[in-house]
Asks: 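For reference, the structure I am asking about is given below.
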Amino acid sequence: MDNHNMFVSPLGTRYASPEMSFNFSDNKKFTTWRKLWVWLARAQMELGLPVTEEQIKEMEGKVEDIDYDAAAAAERQTRHDVMAHIKTFAAACPLASPIIHLGATSCYVGDNTDLLCIRDALDLLLPKLARVISRLGKFAMQYKDLPTLGYTHMQPAQVTTVGKRACLWLQDLLMDELALRRVKEDLRFRGVKGTTGTQASFMQLFEGDGDKVKRLDTRVAELAGFSRVYPVTGQTYSRKVDALLLNALGALGATVHKMCSDIRLLAHLKEVEEPFEREQVGSSAMAYKRNPMRSERCCALARFLMSLPSNALHTHSTQWMERTLDDSANRRLVISEGMLCADGVLLTLQNITEGLVVYPAVVSKHLAQELPFMATENILMAVVKAGGDRQECHEELRRLSQEAGDVVKKEGRDNDLVHRIKDSLYFSCVRDDIEKLIEPSSFVGRAPQQVTEFISEEVEPVLARYAGQLEGEVTLKI
């Protein structure tokens, strides 16, 4: 069928990487099902069931050779996707047909495959997050000393530095790295548990030998690359696992949305811009436009990501008793799309952080417009030290500040408070010190030192986990 005549998710075609798209593809899913059947048969043979090496070799030879048309026809007939693929696999492996899926339930292949895909997706996602942290860390260090106007309530506040502000974004990203890494480290295998988690079918196969059943569970997990299994399950592994995953992805979305919203606001001020390519078009109508489209894309995708935890929580909360099937269709969407969305967000964010542009002259200009007001306390202290009266000085500063404020707001001119203070006879005792008292670097506190310490003590130890995986730049498809 012509793909232009059917819906295809833009997460796969526009935003996510090929490797993440493949991770949730039909081919990855159904070849993993077949590998799980092979691993089950091999473990059963090792533990003494009548399964032969010839049967296993036959199955291994057909893992990649899937007749999708036959599987689709079988599913239309059976209305059961797992049974359809058992039939298709059995038809391709006549010798092994009698022992395929022996003792297992549908969730043996379904849930275990989901866990394998989640693990592999996190293996793809975490280094991408580390690359963003790496680029942003370098940016923070580069601009740790550049004073900039801080904002609270989106109103001018005390001075910070460009690098210190970047560390606020970095700190959130470090929390996201920890949360996602914990999800990955805590991830276990469902293993072989049977229809309601009791392993009753395997107890029958092994004639009541519970030790062999337990070893079967562990051995299949080992063949799949897991060192631990969930010790108890219903028919499925607990959907709480999905909720924890989607909570971590949603939190990453919130981090990215906040960071990219800040970048969009700074782009409006013309202080910081995301990369803008030579032939990039900002608007089809307004040729001069330099829209922050990458940051806007990140915010758009992040909002979708932030909506997913609620979905996963509802699914977990409505799993009656040992399992209900109303999780199935939902999970086909939410897990894969959550991972693809996070992947697309991080690719775009890496591209942004690799090309962020700072305009120090504009940063300094905006700071100069507000700094005189902030410097009044320093000036007041200097006057008092020179023998002046605190109350008289405060009143004079208040009067001159109001006059300067009127010039800015009513006449649209630059803040001239410094000139007014220099011209005032009252402040003649500190006139020679005025420039030193309003030097921007004297208002940043420990911001530069905080950046250096934060990068050294918090960022670098995390990046050390990803040594050898931080190289390479991102070129976006669109």
Side-chain angles (χ1 to χ4, degrees), residues 1-13 16 18-42 44 51-52 54-118 120-121 190 192-195 201 205 220 223-224 235-237 315 323-337 339-340:
M1 183 182 293
D2 184 356
N3 282 343
H4 293 290
N5 291 323
M6 60 185 290
F7 174 76
V8 179
S9 172
L11 288 172
T13 59
E19 59 269 21
M20 187 64 81
S21 293
F22 171 75
N23 189 61
F24 291 99
S25 67
D26 281 351
N27 214 37
K28 170 71 178 282
K29 175 180 179 178
F30 295 123
T31 56
T32 303
W33 282 14
R34 292 191 171 189
K35 289 175 183 177
L36 282 159
W37 284 320
V38 171
W39 296 332
L40 178 61
R42 180 166 294 284
Q44 288 172 335
V51 177
T52 68
E54 289 74 22
Q55 289 172 315
I56 293 173
K57 291 293 185 187
E58 183 184 52
M59 294 165 68
E60 288 175 336
K62 293 295 182 178
V63 165
E64 304 284 344
D65 185 14
I66 300 176
D67 187 339
Y68 284 105
D69 290 337
E75 186 171 358
R76 285 193 296 271
Q77 180 185 35
T78 62
R79 299 289 187 232
H80 197 291
D81 57 350
V82 175
M83 198 64 231
H85 277 268
I86 291 173
K87 285 176 173 286
T88 306
F89 197 24
C93 303
L95 183 63
S97 176
I99 55 90
I100 292 174
H101 200 69
L102 183 60
T105 187
S106 297
C107 286
Y108 166 69
V109 289
D111 271 29
N112 283 323
T113 293
D114 287 344
L115 290 164
L116 283 160
C117 288
I118 289 169
D120 293 348
R190 176 193 176 274
V192 289
K193 297 295 197 296
T195 55
S201 59
L205 284 173
V220 173
L223 290 169
Q235 187 172 95
T236 70
Y237 69 81
T315 297
R323 190 268 170 99
T324 57
L325 193 61
D326 60 351
D327 65 337
S328 179
N330 186 289
R331 293 177 69 255
R332 290 175 192 266
L333 298 171
V334 72
I335 296 175
S336 57
E337 292 192 351
M339 286 296 197
L340 287 165

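Heavy-atom basis, side chains included; hydrogens, waters and symmetry copies ignored. Numbers here are sequence positions counted from 1.
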Asks: Do you know which two heavy atoms are closest between C117 and K28, and how far apart they sit?
Replies: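 Closest pair (atom of C117, atom of K28, distance): SG-CG, 4.1 Å.
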
Asks: Is a donor on one side and an acceptor on the other found under 3.5 Å between the side chain of T105 and the backbone of T195?
Replies: no

Asks: Identify the two heavy atoms, one from G103 and one from S201, that lie closest to each other, and give their separation to 0.1 Å.
Replies: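 Looking at all heavy atoms of both residues, the shortest contact is O-OG, 2.7 Å.
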
Asks: Counting N and O atoms only, with roles assigned by atom type, does the side chain of Q44 sit under 3.5 Å from a partner on the main chain of L102, one being a donor and the other an acceptor?
Replies: yes

Asks: By side chain to side chain contact (heavy atoms under 4.5 Å, CB included), which residues pair with S21, not counting sequence neighbours?
Replies: A16, L340

Asks: Quick check against the 3.5 Å criterion: does T113 have a side-chain atom that pairs as donor or acceptor with the backbone of G110?
Replies: no

Asks: Please round to the nearest 0.5 Å and tell me the distance separating atom OG of S106 and atom CD1 of I86.
Replies: 6.5 Å

Asks: Measure the CG-CE distance between N23 and M339 for me, rounded to the nearest 0.5 Å.
Replies: 8.0 Å

Asks: Exactly one of T315, D326, D114 should register a side-chain hydrogen bond (donor to acceptor under 3.5 Å, both in side chains) with R331. Which one does?
Replies: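 Only one option passes, and that is D114.
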
Asks: Could you grab the distance from atom CG of L95 to atom CD1 of I56, nearest 0.5 Å is fine?
Replies: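 It is 10.5 Å, given to the nearest 0.5 Å.
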
Asks: Hey, are K29 and D26 close enough for a salt bridge, meaning a charged N less than 4.0 Å from a carboxylate O?
Replies: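 The answer is no: the pair does not qualify as a salt bridge.
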
Asks: Looking at R34 and D65, would you say the former's side chain and the latter's main chain have a donor-acceptor pair under 3.5 Å?
Replies: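 Between the backbone of D65 and the side chain of R34 there is a qualifying donor-acceptor contact (under 3.5 Å).
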
Asks: If I take atom OH from residue Y108 and atom CH2 from residue W39, how far apart are they, to the nearest 0.5 angstrom?
Replies: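 Rounded to the nearest 0.5 Å, the OH-CH2 separation comes to 7.5 Å.
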
Asks: Test: side-chain hydrogen bond (donor to acceptor under 3.5 Å, both in side chains). Region: residues 85-94. Which pairs qualify, not counting sequence neighbours?
Replies: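 Not a single pair qualifies under side-chain hydrogen bond (donor to acceptor under 3.5 Å, both in side chains).
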
Asks: Flag the pair R323 and D111 as a salt bridge only when some basic side-chain nitrogen lies within less than 4.0 angstrom of an acidic carboxylate oxygen.
Replies: no

Asks: With a 4.5 Å heavy-atom cut-off, do E60 and R42 have their side chains touching?
Replies: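 Sidechains of R42 and E60: in contact.
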
Asks: Specify the closest pair of heavy atoms between S25 and F22, including all atoms of both residues, with the distance to one decimal.
Replies: OG-O, 2.6 Å

Asks: What pair of heavy atoms forms the shortest contact from V63 to I66, and how long is it?
Replies: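 Minimum heavy-atom separation between V63 and I66: O-CG1, 3.8 Å.
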
Asks: Can you give me the closest heavy-atom contact between M20 and A121, atom names plus distance?
Replies: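 Smallest heavy-atom distance, with atoms named: CE-O, 3.5 Å.
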
Asks: At their closest point, which heavy atom of A224 faces which heavy atom of L116, and how far apart are they?
Replies: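 Heavy-atom minimum between the residues: O-CD2, 3.4 Å.
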
Asks: Is there a side-chain contact between W33 and V82, using heavy atoms and a 4.5 Å cut-off?
Replies: yes

Asks: In Å, rounded to the nearest 0.5 Å, how long is the span from NE2 of H101 to CG of L36?
Replies: 11.0 Å

Asks: About how many Å separate CG of N112 and NZ of K193, when rounded to the nearest 0.5 Å?
Replies: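 With rounding to 0.5 Å, NZ (K193) is 8.0 Å from CG (N112).
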
